[in-house]
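Everything on this sheet refers to the single structure shown next.
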Amino acid sequence: MDCIEVQSRLSDYAEHDLMEREEEAIARHLQECGSCAKHQQTLGTTWDALGELPVEEPDPFAPRRFFARLDRRAVVSKFSSGLAAALVLIVLGAGWFMRSLSLQETSPPEVSVSRASSVSPEVELAAFGNIDTPALDDVNALLEENTP
Amino acid sequence: MDHEGLLLMQVKHGDKRAFEPFVERFWKPIWNLAYRFTGSRAESEDLCQDIFLKVYLNVNTFRGEGKTFTWLYRVAVNTCLNWKRKNKVMPLLTEREDQPSPHSTSYEAIMRLELQDAFSSLSKDDRLLLLLRKFQGLSYKEIGDVLSISEKTVKSRLHEAKTRLASKLEPLLETGGDQSWIASKSNRA
């Protein structure tokens with residue numbers, strides 16, 4: 001085994017994750033090669049030092065706080081769904097209301113239907129805006145002609 | 001399917017109470033991963049909460065194939081990789097003491113600080129690989145399953161990460177506990 005090959009396997013060597021024959025070959029190489037031995041020592045010491053760092057414990061109440069957050073989220077989610085549904089209804093209702101208003105303001109066919117019965121033609125035709133008197137007179141004359 | 005997988009399946013089918021024993025079972029290892037990754041107790045709790053919230057919200061994608069902790073760790077690793085620090089504190093393996101202790105001038109104390117600095121200067125990928133192997137005790141295959149890479153790639157990347165970390169500590173290790181060097185470094189502890 002040459003140095004490059006040995007150094008590429010030093011991690012596995014440190015963790016005893018090699019075949020027996022490979023491990024023996026690396027051990028022999030390390031006895032003879034100062035550079036690889038130094039590399040192996042640095043790697044091994046670093047790896048061991050990582051494992052010697054103090055162990056920390058989480059706050060035992062932390063999971064409780066998490067569940068409280070989860071509950072709040074569920075409440076907010078339900079509230080948001082309800083709010084969204086209410087908003088949709090409001091928008092639909094407002095749309096329907098505006099549409100019905102707009103239909104009332106611009107409904108010429110109904111004018112002609114009701115005109116002959118009870119409401120005076122002047123009032124009804126006023127819904128179309130300012131109408132010149134001659135034109136209104138013409139309409140009145142036409143109505144008189146058609147009235148039995 | 002393992003016991004934890006059954007719990008997640010119950011959650012998936014509407015039994016939200018089953019999530020509680022699941023969280024209790026995994027809170028400590030996941031918190032430890034988050035803590036070693038962030039180096040801050042406060043931030044590790046936030047990160048840990050985010051991880052379990054993601055698990056809860058994505059439980060529908062859990063199929064119960066393979067080991068449950070692999071699926072959980074996949075969520076945890078992705079959350080760690082996307083995590084953005086709230087405070088401008090360097091990521092450390094453990095939280096540093098505010099006041100230097102009488103022991104902080106020892107070679108071991110300086111070694112610990114140097115190790116923390118070296119670890120924090122590694123990439124997120126390197127840090128996670130080292131954490132999964134050293135602190136979570138996952139096998140190469142399990143790490144491969146979590147990261148969706150082959151066992152061979154795990155070995156190779158892990159070796160590179162270890163080498164990068166070791167090369168940062170090399171100057172310290174070369175002193176071998178030399179007292180004058182320790183004295184020069186002890187002020188920063």
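Below, chain A is the first sequence line, B the second, and so on; all start at residue 1. Fair warning: this is a prediction, and the values are worked out from it, not measured in the lab.
- Top candidate by heavy-atom pairs under 4.5 Å with chain B, chosen from Gln41(A), Glu52(A), Arg65(A), is Arg65(A).
- Interface summary for chain A: among Lys16(B), Met111(B), Glu24(B), the most heavy-atom pairs under 4.5 angstrom belong to Glu24(B).
- With a 4.5 angstrom heavy-atom cutoff, Leu165(B) touches chain A via backbone and side-chain atoms both.
- For the residue pair Asp145(B) and Thr70(B), no side-chain donor N or O sits within less than 3.5 Å of a side-chain acceptor on the partner.
- Taking chain B as the reference chain and counting heavy-atom pairs below 4.5 Å, the highest number among Ala62(A), Pro60(A), Gly44(A), Ala49(A) is found for Ala62(A).
- For Ile30(B), no part sits under 4.5 Å from any heavy atom of chain A, backbone or side chain.
- Looking at Tyr56(B), the atoms closer than 4.5 Å to chain A (heavy atoms on both sides) all sit in the side chain, from C-beta outward.
- The closest donor-acceptor contact from the side chain of Glu56(A) to the backbone of Asn32(B) lies at 3.5 Å or more, if one exists at all.
- Contact count versus chain A (heavy atoms, under 4.5 Å) is highest, among Glu160(B), Lys168(B), Glu170(B), for Glu170(B).
- The shortest side-chain heavy-atom distance between Arg127(B) and Cys80(B) does not fall under the 4.5 Å cut-off.
- The contact between Phe67(A) and chain B is made entirely by side chain atoms (from C-beta outward), counting heavy-atom distances below 4.5 Å.
- Within the 4.5 Å cutoff, the side chain of Leu10(A) has heavy atoms near those of the Gln7(A) side chain.
- Taking the ring centre of Tyr140(B) as origin, the terminal cationic atom of Arg133(B) falls inside the region bounded by 6.0 Å and 45° from the ring axis.
- Electrostatic pairing of Asp126(B) and Arg164(B) counts as a salt bridge here, judged by a charged N lying under 4.0 Å from a carboxylate O.
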